[in-house]
**Q** 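Below is a structure I'd like to ask you about.
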Amino acid sequence: MINKVVKNADEAVKDIPSGAVLMLGGFGLCGIPENSISALLKTGVKNLTCISNNAGVDDFGIGLMLKTHQVKKMISSYVGENAEFERQLLSGELEVDLIPQGTLAERVRAGGAGIPAFYTPAGYGTEVAEGKETREFDGKMYLLESWLRADFSLVKAWKGDTAGNLIFKGTARNFNPMMAAAGKITIAEVEELVPAGELDPNEIHTPGIYVQRIFKGVDYEKRIEQRTVTS
Amino acid sequence: MINKVVKNADEAVKDIPSGAVLMLGGFGLCGIPENSISALLKTGVKNLTCISNNAGVDDFGIGLMLKTHQVKKMISSYVGENAEFERQLLSGELEVDLIPQGTLAERVRAGGAGIPAFYTPAGYGTEVAEGKETREFDGKMYLLESWLRADFSLVKAWKGDTAGNLIFKGTARNFNPMMAAAGKITIAEVEELVPAGELDPNEIHTPGIYVQRIFKGVDYEKRIEQRTVTS
Amino acid sequence: MALDKIGIAKRIAQEVQDGMYINLGIGIPTLVANYIPEELNVVLQSENGLLGIGRFPTEEEVDADLINAGKQTITMRDGSVLFDSSESFGMIRGGHVDLTILGAMEVSENGDIANWKIPGKMVKGMGGAMDLVASAKNIIVAMQHTSRSGDSKLLKECSLPITGINCVRKIVTNLAVLEVQEEGGFLLLERAPGVTVDEIKEATAGKLIVNGDVPEMKIN
Amino acid sequence: MALDKIGIAKRIAQEVQDGMYINLGIGIPTLVANYIPEELNVVLQSENGLLGIGRFPTEEEVDADLINAGKQTITMRDGSVLFDSSESFGMIRGGHVDLTILGAMEVSENGDIANWKIPGKMVKGMGGAMDLVASAKNIIVAMQHTSRSGDSKLLKECSLPITGINCVRKIVTNLAVLEVQEEGGFLLLERAPGVTVDEIKEATAGKLIVNGDVPEMKIN
């Protein structure tokens, strides 16, 4: 099997240039590539376009990259509570493209799967439809939406093997598998890295063909946004 | 959890009417719904449109339904070696719609996922493109293809639970998951049926939401088309 | 007397039928889960990738890798399934979810809904709302009948940027249960206990249709 | 001397580079797997849902649920992955497979390929061939230079219904290795051992481009 292992996050992200288009997996703070984000803070690349369902919080996730002014544009479905984000947006430092979550998921999936465009009903009749082609199928109206692809995709999995095969945990899967497929170079960080052959081929969520680099992440914080418990 | 269990194949297929559009999982004879096909031979429904990657062989799989003249039309990517199939086709008893395999897979996936149409490069410039809209994206030409949906989808899984969740085995997965999602009524037959809660939620290939009926199949033959061995 | 949030949730819970797959939005819709009768087998979908949302976890069970679409920590029920966002919205878009319950800022008499953006205020994004309203077969809106300033939220046309057109089927407010008619208009189905038809008329800016006697809701 | 099928497979195996993901068609292409140098790490894709095709099974290992796209029983290598047909063709269409090797009945000088249908004969279907040729970045055709009746299979234009246009990059036949040029024409890269340029010219109906000395293939 092809070996995709790199030493660590610094090694994995070192050639990401300023101006690159990145995809970052995760929903809220769940399943985000914590190590790759930390490494990008150190390389200091600028003018990044970040495709990610959310933009983190002020002091975690993509929020950290906003603080260091490394992000030029966010493509997201929900940018949540993030004071620095709001400030940069209002001051014009940051561009934002808001996309319905299912359309975002499908556009990324299309990017990985070689489908340049597809029709979806989401957003028809709303401002999301402005400037987009519309069309009726079986009496219902749809919008034409195009694929999204990235120069680099940064994903986070639970287990991975040296061939780049990935297994996610719980709802930390979310956008990660589609983004893995839609990146020209996909960098996967995992909590547990095993030799090829140790994962059951029938239980793998992301085939290694989509992953160019894989490393074992360290010090996962896995911050929780809404800690809700029953007593 | 919602209980989807029905007694057996006869019970599962008894309301499939003549003229119905069916999807049948499988690639070659691998992962085909053997029990549901047997039950359909008994109900004797006619004029079926069968969407299936292949058409079985003379004495197995969909080939059995061809013998009984229950199939009006096949929508497939490869109809292989099947003398009765050829005879019916040449005599005009049977219609056939041949579709590139990836386009077939994606059209079925689109049917389940609510995408009425999408662009694919497969078949551009060939007779498959006749009468279809074409369009250029990033300097490459694509065809517009539409979704496929079925009145009933017949799928075969390895393990399933009472809530309709399915796990496939080996390459017997193939078209089964997409067809499960694209059927108005999806009938799943499984080799092993367990109570909801016994399958790991992270290892399920087809979520039970797509499955309306599930039963434990019997007497699987699992015929092999090309038995190739090393000594 | 007008219903409180729990009353609205309880009334909506009566719309739930055995065997349904349901997506609950944030806010009052989330509360509905607490009032679905035990004997009904239903499955709750979370669009971030889970079918079979369970109760909140105990302190010991808390798992950062298991949250709902509101980013709350949760547990899974027996028979749950995990999947990615593409599969999740395929499920929604493909019409496999039977019932969607969500909040709204405005609903128009032809079923348009506005619930994602207020001009002049910070825009947070539509999340999955546009996909849900454009796709679901059966959409029930849970909301207050009027805004805090007393303006009706049931309008002839939405004044806010809309989330989807022609999609809301039923509305449960603190005052009433209403059904959006094919040809337009809010058909008054039930009144909150003690609330009069006149009070509802007063609070409804869009076309209200009253056919004969309007029964009171039955809330336990 | 013209190559036999094994010779063609051996020559194509030389095109394989370390780290490649490869889809092999039925026939000669399948044989290529046997001649890929051990030291190269490559992964074979089977479009029915497997990355990491292994050797044929022993009698005891035979599993009806594990076949390749040619419907042959197979095994899996360490690090294999199983997936469904939609994911498999997403992988192909998305350009993730580095090399596709397939057979052909005809190739035209602008890279069109015909390999699925002969008018008047029973049509079996294109299977995955149209997806593969429309999607792959790097397509090598393995075929005989001429048909059994002696007609050239390297043509100005295909006479048979085509599978895809403008897609073949390289052709390895029993007589030669040729590269399809952007501007059209078959550039002669190598001759089979002992085969002359004139013999290749003779066997090529489409435009053959010969630049200087053409080396002989090196086949072990």
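Each chain gets a letter, A, B and so on, in the order the sequences are listed, and its residues count up from 1. If you're wondering where the values come from, they're calculated on a predicted model, not measured in any experiment.
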**Q** Out of curiosity, A/Met179 CE to C/Ser86 OG, how far, rounded to the nearest 0.5 Å?
**A**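 Interatomic distance, A/Met179 CE to C/Ser86 OG, rounded to 0.5 Å: 11.5 Å.
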**Q** When heavy-atom pairs shorter than 4.5 Å are enumerated against chain A, which of C/Gly164, C/Gly49, C/Gly125 gives the highest number?
**A**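 Top count of heavy-atom pairs under 4.5 Å with chain A: C/Gly125.
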**Q** Side chain, backbone, both or neither: which part of C/Glu47 has a heavy atom under 4.5 Å from chain A?
**A**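 Contact with chain A involves both backbone and side-chain atoms of C/Glu47.
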**Q** Using a cut-off of under 4.5 Å for heavy-atom pairs, which of A/Phe85, A/Phe175, A/Tyr142, A/Trp158 has the most such pairs with chain C?
**A**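 Top option by heavy-atom pairs under 4.5 Å: A/Phe175.
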**Q** Below 4.5 Å from any heavy atom of chain C, which atoms of A/Leu90 appear? Answer side chain, backbone, both or neither.
**A**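 For A/Leu90, there is no contact with chain C at all, as no heavy atom is under 4.5 Å.
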**Q** Can you tell which part of C/Val123 gets under 4.5 Å to a heavy atom of chain A, answering side chain, backbone, both or neither?
**A**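 The answer is both parts of C/Val123.
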**Q** Output the option from A/Leu89, A/Ile99, A/Val96 having the highest count of non-hydrogen pairs under 4.5 Å with chain C.
**A**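 Of the candidates given, the most pairs with chain C belong to A/Ile99.
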**Q** Just so I understand: if I count every heavy-atom pair under 4.5 Å between each of A/Ala122, A/Cys30, A/Ser77 and chain C, which residue has the most?
**A**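 So the answer, after comparing A/Ala122, A/Cys30, A/Ser77, is A/Ser77.
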**Q** Does any backbone or side-chain atom of C/Asp112 lie under 4.5 Å from a heavy atom of chain A? Answer side chain, backbone, both or neither.
**A**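 Neither part, no heavy atoms under 4.5 Å.
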**Q** Which atom pair, heavy atoms only, marks the closest approach of A/Thr230 to C/Phe56?
**A**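 Scanning both residues, the minimum pair turns out to be OG1-O, 3.0 Å.
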**Q** Please rank A/Ala129, A/Gly102, A/Gly170, A/Ala172 by heavy-atom pairs under 4.5 Å with chain C and give me the top one.
**A**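 Among the listed options, the one with the most contacts to chain C is A/Gly102.
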**Q** Is the backbone N or O of C/Leu82 less than 3.5 Å from a side-chain atom of A/Arg173, with the two atoms forming a donor-acceptor pair by type?
**A**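 At least one qualifying donor-acceptor pair exists.
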**Q** Measure distances from C/Ser88 to the heavy atoms of chain A and classify the residue's part below 4.5 Å as side chain, backbone, both or neither.
**A**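 Nothing of C/Ser88, per the 4.5 Å heavy-atom cut-off to chain A.
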**Q** Select one option (side chain, backbone, both, neither) describing which atoms of C/Ala129 are under 4.5 Å from chain A's heavy atoms.
**A**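 For C/Ala129, neither part sits under 4.5 Å from chain A.
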**Q** Check whether A/Phe168 gets within reach of chain C through its side chain, its backbone, both or neither, counting any heavy atom under 4.5 Å.
**A**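 A/Phe168 has no heavy atom closer than 4.5 Å to chain C.
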**Q** What part of C/Ile162 is in contact with chain A, defined as an atom under 4.5 angstrom from a non-hydrogen atom: side chain, backbone, both or neither?
**A**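 For C/Ile162, the contact with chain A is made by backbone and side chain together.
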**Q** What closest approach, in Å, do C/Asp84 and A/Pro177 show between heavy atoms, and which atom pair accounts for it?
**A**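 Result for this residue pair: CB-CG, 3.9 Å.
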**Q** Using a cut-off of under 4.5 Å for heavy-atom pairs, which of C/Ala134, C/Ser46, C/Pro57 has the most such pairs with chain A?
**A**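 That would be C/Pro57.
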**Q** Minimum heavy-atom separation for A/Phe27 to C/Ile67, with atom names?
**A**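 Scanning both residues completely, I find the closest heavy atoms to be O-CD1, 3.9 Å.
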**Q** Side-chain contact test, heavy atoms from C-beta onward, threshold under 4.5 Å: evaluate it for C/Met126 versus A/Thr126 and give yes or no.
**A**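 No. Closest side-chain heavy atoms not under 4.5 Å.
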**Q** Using the rule side-chain contact (heavy atoms from CB on, under 4.5 Å), only one of C/Thr73, C/Ile74, C/Val62 pairs with A/Thr228; which is it?
**A**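 With A/Thr228 as partner, side-chain contact (heavy atoms from CB on, under 4.5 Å) holds for just one option, C/Thr73.
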**Q** Rounded to the nearest 0.5 Å, how far apart are OG1 of A/Thr171 and CZ of C/Phe83?
**A**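 The distance works out to 10.5 Å.
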**Q** Enter the distance from A/Asn54:CG to C/Lys124:NZ here, rounded to the nearest 0.5 Å.
**A**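 It comes to 12.0 Å.
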**Q** Within a strict 4.5 Å, meaning less than it, do heavy atoms of the C/Glu59 and A/Arg227 side chains meet?
**A**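 Contact flag for C/Glu59/A/Arg227 side chains = yes.
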**Q** Provide the closest heavy-atom pair for C/Met130 versus A/Gly123 in the form atom of the first, atom of the second, distance.
**A**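 Where C/Met130 meets A/Gly123 most closely, the heavy atoms are SD-CA, 3.8 Å.
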**Q** Going from CD on C/Gln72 to CD1 on A/Ile224, what distance comes out if it is rounded to the nearest 0.5 angstrom?
**A**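 The distance works out to 12.0 Å.
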**Q** State, with a plain yes or no, whether a side-chain heavy atom of A/Gln226 is found less than 4.5 Å away from one of C/Asn68.
**A**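 SC-SC contact between A/Gln226 and C/Asn68 ruled out.
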**Q** Which one wins on heavy-atom pair count under 4.5 Å against chain C: A/Ala55, A/Gly31, A/Ala105?
**A**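 Answer, by heavy-atom pair count under 4.5 Å with chain C: A/Ala105.
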**Q** What I want to find out is whether C/Asp63 reaches A/Lys169 closely enough, with some N-O distance under 4.0 Å, to be called a salt bridge.
**A**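 A/Lys169 and C/Asp63: salt-bridged.
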**Q** Flag the one option from C/Leu50, C/Leu132, C/Thr58 with the top tally of heavy-atom pairs under 4.5 Å to chain A.
**A**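 Result: the option with the highest number of such pairs is C/Thr58.
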**Q** So for A/Arg109, is it side chain, backbone, both, or neither that comes closer than 4.5 Å to the heavy atoms of chain C?
**A**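 Looking at A/Arg109, just its side chain touches chain C.
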**Q** Counting heavy atoms not belonging to C/Glu182, are there more than 12 under 6.0 Å from its CD?
**A**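 No.
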**Q** Yes or no on side chain to side chain contact (heavy atoms under 4.5 Å, CB included) for A/Gln101 and C/Phe89, after CA distance, side-chain angles and deciding distance?
**A** CA-CA 8 Å; A/Gln101 195 175 143; C/Phe89 281 93; 3.5 Å; yes
